[in-house]
Amino acid sequence: MKRLALSIVAAVGLVGCASVPVPSAISRDGTHLTPDTERMAIVERQATRFGVKVIWVNPPLKSVSSPG
């Protein structure tokens with residue numbers, strides 16, 4: 001019974017994490033950090049060649065100067 005309850009809690013927790021959007025962050029020097037979509041595309045293209053599915057938990061970030 002405890003295993004079933006633990007499995008349900010784990011499944012609900014994982015579903016909640018998967019639905020959180022990746023926000024833009026601001027680094028200490030004032031630049032914005034955004035997901036590096038070019039790098040992600042390269043990694044996903046390589047993974048597809050080898051039949052591997054990529055799930056981004058912590059996507060790579062790149063610095064973008066703030067406008068103004």
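This one's a predicted model, so the numbers in the text were calculated from it and none came from an experiment.
- Following chains of ILVMFWY side-chain contacts shorter than 4.5 Å, one cannot reach Met40 starting from Ile42, and the two form parts of different hydrophobic clusters.
- Between Leu61 atom CG and Asp36 atom CG the span is 8.0 Å, to the nearest 0.5 Å.
- Considering only heavy atoms from C-beta on, Leu33 comes within 4.5 Å of Ser63 through its side chain.
- Side chains of Lys62 and Arg39 form no contact here, defined as non-hydrogen atoms less than 4.5 Å apart.
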